[in-house]
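All heavy atoms count here, side chains included; hydrogens, waters and symmetry mates do not. Positions are given from 1 along the sequence. Numbering of ligands and ligand atoms starts at 1, following listing order.
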Amino acid sequence: MTARTLITDAQNTWCPGCGNFSLQHALRSVLLDLEKGGTSLDDVVLVTGIGCHAKMADYLDVNSFYAIHGRVLPVATGIKLANPDLTVIGCAGDGDAYAEGLDHLIFAAKRNVDIAVFIHNNRVYGLTTGQYTPTSPLGFKGRSTPSGTPEYPLNPLELMYASGATYIARGYSRNQPLLKKTMAEAVSHRGFSFVDILQICATYFDAHDVYDKHVYELAGHDPRDPQQALRKILEWDYNTPAPIGLGTFFERELPTFGSRLPRLAPVPPDRRELIQRLLGTLR
Ligand code: SF4
Ligand code: MG
C-alpha cells in the first residue's frame with residue numbers, strides 16, 4: 001500500500017481535463033490531513049456507485065466498496081451502522097444519486113445518517129457517453145435527447161434542505177482550495193453531510209465558461225440561519241444564468257440516525273459462532 005500518496009497503480013482512464021482529477025486530489029488531501037490529525041486510515045471507508053466518479057475507488061488507496069448503480073447511500077449507511085467508529089465517505093454521480101438512487105439519498109438525509117456524501121455533478125451521464133441527467137439544463141442535447149431535453153433540472157440543494165440534511169454545501173472542481181475546505185468540513189460534521197460538486201465533464205458537458213463567469217464564494221452568509229440558507233439555495237435554479245454560490249449553505253446539529261436507533265442485542269464474543277448460527281438460520 002502506498003500510504004503516503006494514497007494513489008494506487010491502477011491505470012487512470014479519466015479524459016484529459018476531467019474535473020474528477022480535482023475531486024480526487026481534494027479528497028486525497030482531506031484523507032492525508034485526517035491521518036495527520038490522528039485518524040487511522042484503516043478506519044476510513046469510501047463507497048462509490050457506478051459511473052466515471054466511481055473510479056475514485058480504483059485510484060484512491062483506501063478501504064473502499066464499489067456499489068451498484070444508485071446504491072452508495074444504503075451501502076454507506078449499513079457500514080456506518082455496523083461500525084459507528086468508521087468514517088464513511090460516499091462518492092456518487094448525479095445520475096447515480098439524483099436518478100437511480102434518489103430515494104436512498106432522501107432517506108439518508110431524512111435519517112441524518114452520520115456520513116459525508118460528495119456528488120460529482122457533471123450534469124450528464126459521462127460513462128455511457130452523454131445522456132441527460134436530472135440536473136442537465138433545459139434543452140441539453142445529448143445521446144438520448146438529440147433535440148434537447150424538455151425537462152427543467154432539479155435543484156439538489158433545495159431537495160436536500162427539504163429532506164432534512166444537516167450540512168449542505170456546493171463545490172466546484174475548478175476551485176480546489178474551497179473544494180478541499182468544504183470536503184473537510186463535511187467529513188468532520190456529525191450527521192448527514194451533502195456536497196454537490198459542479199464537476200467539469202470535459203467530453204460531454206464542459207460548462208466551465210459559464211461556471212467561471214458566475215461562481216462566487218459565499219461571504220457574510222450565516223449557514224445556521226435557515227431562512228438565509230434557503231434564500232441562497234434558491235438563488236440559482238441550475239438552469240438560467242445567475243450567481244452560483246460556493247461553500248456552506250446550511251448547517252445544524254441534530255441527533256444522528258445511529259444514536260436514535262434502539263440498542264441492538266449484544267454481539268457474542270465469538271463472531272465465528274455468530275456467523276455460523278446466522279448461516280444455519282438461512283439454510
Ligand atoms: Fe470525466 Fe466526462 Fe471523461 Fe467521464 S466522460 S472521464 S466525466 S470528462
Ligand atoms: Mg454524471
Side-chain angles (χ1 to χ4, degrees), residues 7-8 10-28 46-60 64 66-73 76 89-106 117-146 148-149 151-157 159-160 169-176 179 183 194-212 215 236-239 244:
I7 302 294
T8 67
Q11 186 192 357
N12 193 307
T13 58
W14 285 328
C15 310
C18 176
N20 278 318
F21 287 104
S22 170
L23 274 72
Q24 182 199 24
H25 185 74
L27 184 53
R28 173 179 160 269
L46 172 67
V47 183
T48 66
I50 295 293
C52 295
H53 81 273
K55 296 174 186 175
M56 294 282 270
D58 290 332
Y59 305 153
L60 277 176
S64 57
Y66 224 126
I68 55 175
H69 210 185
R71 304 299 182 258
V72 170
L73 277 305
I89 297 168
C91 285
D94 47 320
D96 208 50
Y98 304 149
E100 277 83 355
L102 184 63
D103 48 351
H104 297 304
L105 182 69
I106 289 171
V117 180
F118 303 130
I119 310 296
H120 300 222
N121 186 3
N122 54 14
R123 307 171 70 196
V124 70
Y125 284 98
L127 193 67
T128 49
T129 68
Q131 295 79 12
Y132 83 106
T133 72
T135 48
S136 301
L138 181 72
F140 171 81
K141 290 185 180 169
R143 287 286 174 112
S144 58
T145 52
T149 167
E151 294 178 28
Y152 283 96
L154 63 79
N155 177 342
L157 274 62
L159 179 73
M160 287 294 92
R170 185 187 288 130
Y172 177 33
S173 60
R174 283 165 62 86
N175 185 334
Q176 176 69 210
L179 182 59
M183 281 179 152
F194 167 85
V195 186
D196 182 68
I197 302 165
L198 299 174
Q199 177 234 310
I200 298 300
C201 173
T203 304
Y204 297 108
F205 189 51
D206 188 351
H208 83 268
D209 281 349
V210 177
Y211 294 155
D212 286 355
V215 292
W236 181 49
D237 63 1
Y238 282 73
N239 194 52
I244 302 173

Query raised in the report: Is there a side-chain hydrogen bond (donor to acceptor under 3.5 Å, both in side chains) between Gln176 and Ser22 once you walk through the steps?
Result: CA-CA 7 Å; Gln176 176 69 210; Ser22 170; 2.8 Å; yes
Query raised in the report: How close do Leu27 and Cys91 get, heavy atom to heavy atom, and via which atoms?
Result: CD2-SG, 4.0 Å
Report summary line: Counting only protein N/O/S atoms, those under 2.8 Å from atom 3 (Fe) of ligand 1 total 1
Query raised in the report: In ligand 1, which numbered atoms sit nearer than 4.0 Å to a non-hydrogen atom of Asn122?
Result: 7 (S)
Query raised in the report: Given that the side chain starts at C-beta and the backbone is N, CA, C, O, which of these parts of His120 lies under 4.0 Å from ligand 1, counting heavy atoms, or is it both or neither?
Result: neither
Report task. Evaluate side-chain hydrogen bond (donor to acceptor under 3.5 Å, both in side chains) for Tyr204 paired with Thr128, printing each intermediate quantity in order. Result -> CA-CA 10 Å; Tyr204 297 108; Thr128 49; over 6 Å; no
Query - Ala92 versus Ala97, closest heavy-atom pair with distance - result: CB-CB, 4.0 Å
**Report entry** Test item: Asp96 side-chain N/O and Gly70 main-chain N/O as donor-acceptor pair under 3.5 Å
**Finding:** yes
Report task. To the nearest 10 degrees, calculate the angle at the Mg ion (ligand 2) involving OD1 of Asp94 and O of Val124. Result -> 120°
**Report entry** Nearest heavy-atom neighbours spanning Ser136 and Pro153
**Finding:** O-CB, 3.3 Å
Requested in this report: Anything under 30° is parallel, anything over 60° is perpendicular, the rest tilted; go ahead and classify Tyr98 against Phe194.
Outcome: tilted
Report task. Keeping the roles fixed (side chain from Asn239, backbone from Tyr152), state whether a donor-acceptor pair exists under 3.5 Å. Result -> no
Report task. With heavy atoms of Gln199 as the reference, note each atom of ligand 1 found under 4.0 Å away. Result -> 7 (S)
Query raised in the report: Is the Mg ion (ligand 2) less than 2.8 Å from an N/O/S atom of Asn122, whether that atom is in the backbone or a side chain?
Result: yes
**Report entry** Contact partition for Ile200 relative to ligand 1, non-hydrogen atoms under 4.0 Å
**Finding:** neither
Requested in this report: Identify the two heavy atoms, one from Cys15 and one from Phe21, that lie closest to each other, and give their separation to 0.1 Å.
Outcome: O-CE1, 3.4 Å
